[in-house]
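See structure below.
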Amino acid sequence: MATLPNSHTEPDGSAVIRVLSYNIRSLRDDTDALARVIKACAPDLVLVQEAPRFFRWRKKLARLASACDLVILTGGATAAGPAILCSLRATVERTEDVLLPLTPGLHRRGLATAVVRFGGARLGVTSFHLSLGQDERYEQGGLLLDRMAGMGVPHAIAGGDLNDRPEGRTFRRLADALQDCRTTAPWGGGFTSRSTEPHQRIDAVFATKGIEVLGCGVPLEQPGVAEADLRRATDHLPVLAVLRVPAA
């Protein structure tokens, strides 16, 4: 399997970035293994789902970011679970945490969003975790697309846990409007759940049409990523995407 390129800025100002989407199950598993996986993937952005949301949640998320040589960009409890971590390579323009409409009896959902720059490239970023309820999930997919379209940027990405498979109507709704990065440029593994017995793909990274996808998948053969760490870190497998974002 080909090794994905490292982060860099092209002479024309476009940026090659590494984006990791990861459901970390509120740090209830082996956090040392989790940090090793994230750090080995050398991401510029980590789109987190199920970040800690309760007692001392900021401190817990900050410790994870520090262990991975990253910083908290936005999200966590303020977005009902989604969060974004970033490297110091990112220049942050703005952030916003968005709570989605609540369906009585179901878990509150939200979006962690930001606009960042890498070199001459300007990018909208969203981390999401959609509902277990089919109808609510479909509506949230539409709200996610609306939010991405309203960020005022030429290029945008979104990553997260869809709680839906590629043949599901919410997954199809997103894939019809955006590039499903795994389908566009498959690399690594496909299934993301569960980490001990992966049998379904319910986590994904999506990108607007103008972004070039260089490779996307579960980083099973990424140098430094151990299979044992992937099993122990959390109950999902991460999705790593390497993207070339044109200069603004």
Side-chain angles (χ1 to χ4, degrees), residues 19-26 45 47-51 53 74-84 96-115 123-153 155-184 186 190-195 198-211 213 216-218 234-239 241 243:
V19 180
L20 193 71
S21 181
Y22 212 167
N23 184 320
I24 65 172
R25 200 160 76 143
S26 299
L45 296 164
L47 311 183
V48 173
Q49 301 84 52
E50 294 192 30
R53 294 184 295 117
T74 194
T78 51
I84 304 173
E96 184 177 6
D97 297 329
V98 180
L99 292 176
L100 298 176
L102 176 64
T103 300
L106 294 180
H107 177 69
R108 189 68 184 255
R109 304 286 176 173
L111 307 173
T113 76
V115 174
L123 182 68
V125 184
T126 301
S127 176
F128 65 86
H129 189 180
L130 303 185
S131 176
L132 290 167
Q134 181 176 350
D135 292 339
E136 185 182 48
R137 179 168 63 239
Y138 187 76
E139 292 302 316
Q140 289 172 351
L143 293 172
L144 169 61
L145 292 174
D146 290 345
R147 173 62 55 170
M148 293 178 69
M151 295 181 80
V153 292
H155 307 290
I157 61 170
D161 179 350
L162 287 89
N163 278 315
D164 200 23
R165 298 178 181 183
E167 63 272 18
R169 65 178 185 140
T170 301
F171 203 121
R172 293 199 312 269
R173 184 176 196 175
L174 297 181
D176 286 346
L178 305 165
Q179 297 183 82
D180 170 12
C181 294
R182 167 69 186 176
T183 298
T184 301
F191 295 148
T192 63
S193 176
R194 294 187 174 261
S195 58
H199 64 282
Q200 59 182 347
R201 182 163 79 98
I202 62 172
D203 305 84
V205 175
F206 297 93
T208 51
K209 304 295 185 181
I211 294 173
V213 184
C216 179
V218 176
T234 176
D235 62 341
H236 283 241
L237 294 173
V239 179
L243 312 171

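The structure displayed is predicted, hence computed values, not measured ones.
For the residue pair Glu136 / Thr103, a side-chain donor-acceptor distance below 3.5 Å is found, with atom types taken as modelled.
The minimum heavy-atom distance between Thr183 and Pro186, with the atom names listed, is O-CD, 3.7 Å. The two atoms that bring Val153 and Gly124 nearest to each other are CG2-N, 3.6 Å, heavy atoms only. When all heavy atoms of Ala112 and Ala79 are compared, the pair lying nearest together is N-CB, 4.1 Å. What you find for Ala51 and Ala83 is that their closest heavy atoms are CB-CB, 4.1 Å. Pairing each heavy atom of Leu174 with each of Gly141, the nearest pair is CD2-O, 3.7 Å. The heavy-atom pair separating Val205 from Ala241 by the smallest distance is CG1-CB, 4.1 Å.
A distance of 4.0 Å separates CZ of Arg53 from NE2 of His107, quoted to the nearest 0.5 Å. Atoms CG and CZ, from Leu100 and Phe128 in turn, are 11.5 Å apart once rounded to the nearest 0.5 Å. Taken from CD in Gln49 to CG in Leu162, the straight-line distance is 9.0 Å, to the nearest 0.5 Å. Rounding to the nearest 0.5 Å gives a distance of 8.5 Å between CG of Leu47 and OG1 of Thr126. To the nearest 0.5 angstrom, Thr192 atom OG1 is 7.0 Å from Asp161 atom CG. Here the straight-line distance linking atom NE2 of His236 with atom CZ of Arg25 works out to 8.5 Å at 0.5 Å rounding.
When side chains are defined from C-beta on, Thr74 counts as touching Asp97, because their heavy atoms get closer than 4.5 Å. Using a 4.5 Å cut-off on side-chain heavy atoms (C-beta onward), Leu45 and Ile157 make contact. The closest side-chain heavy-atom distance from Leu111 to Pro82 is not below 4.5 Å.
Between the side chain of Ser193 and the backbone N or O of Gln200 there is no donor-acceptor pair closer than 3.5 Å. One N or O on the side chain of Gln179 and one on the backbone of Ile211 form a donor-acceptor pair closer than 3.5 Å. Side-chain atoms of Ser195 come within 3.5 Å of backbone N or O of Thr234 as a donor-acceptor pair. Judged by distance alone, with hydrogens and angles left aside, the side-chain atoms of Asn163 form a donor-acceptor pair with the main-chain N or O of Leu130 at under 3.5 Å. Of the possible donor and acceptor atoms, one in the side chain of Gln140 sits under 3.5 Å from a partner among the backbone N and O of Ser131. Side chain of Arg169 to backbone of Tyr138: no donor-acceptor contact under 3.5 angstrom is found. For Ser21 (side chain) and Val239 (main-chain N/O), no donor-acceptor pair under 3.5 Å exists by modelled atom type. With Arg182 contributing its side chain and Gly217 its backbone, the two residues share no donor-acceptor pair below 3.5 Å.
Legend: residues meeting side chain to side chain contact (heavy atoms under 4.5 Å, CB included) with Ala149, ordered by chain and number and at least two apart, are absent. By the side chain to side chain contact (heavy atoms under 4.5 Å, CB included) test, Glu96 is found to be paired with Val98, Thr113, Arg147, residues two or more places apart in sequence or in another chain being considered.
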_Pair Leu243-His155, side-chain contact (heavy atoms from CB on, under 4.5 Å): steps then yes or no_ = CA-CA 11 Å; Leu243 312 171; His155 307 290; over 6 Å; no

_Let's go through Val115 and Val125 carefully: what are the C-alpha distance in whole Å and the side-chain angles of both, what is the deciding distance for side-chain contact (heavy atoms from CB on, under 4.5 Å) to 0.1 Å, and is it a yes or a no?_
CA-CA 6 Å; Val115 174; Val125 184; over 6 Å; no

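Between Arg201 and Asp180, at least one side-chain N (NZ, or NE/NH1/NH2) sits under 4.0 Å from a carboxylate O, which counts as a salt bridge.
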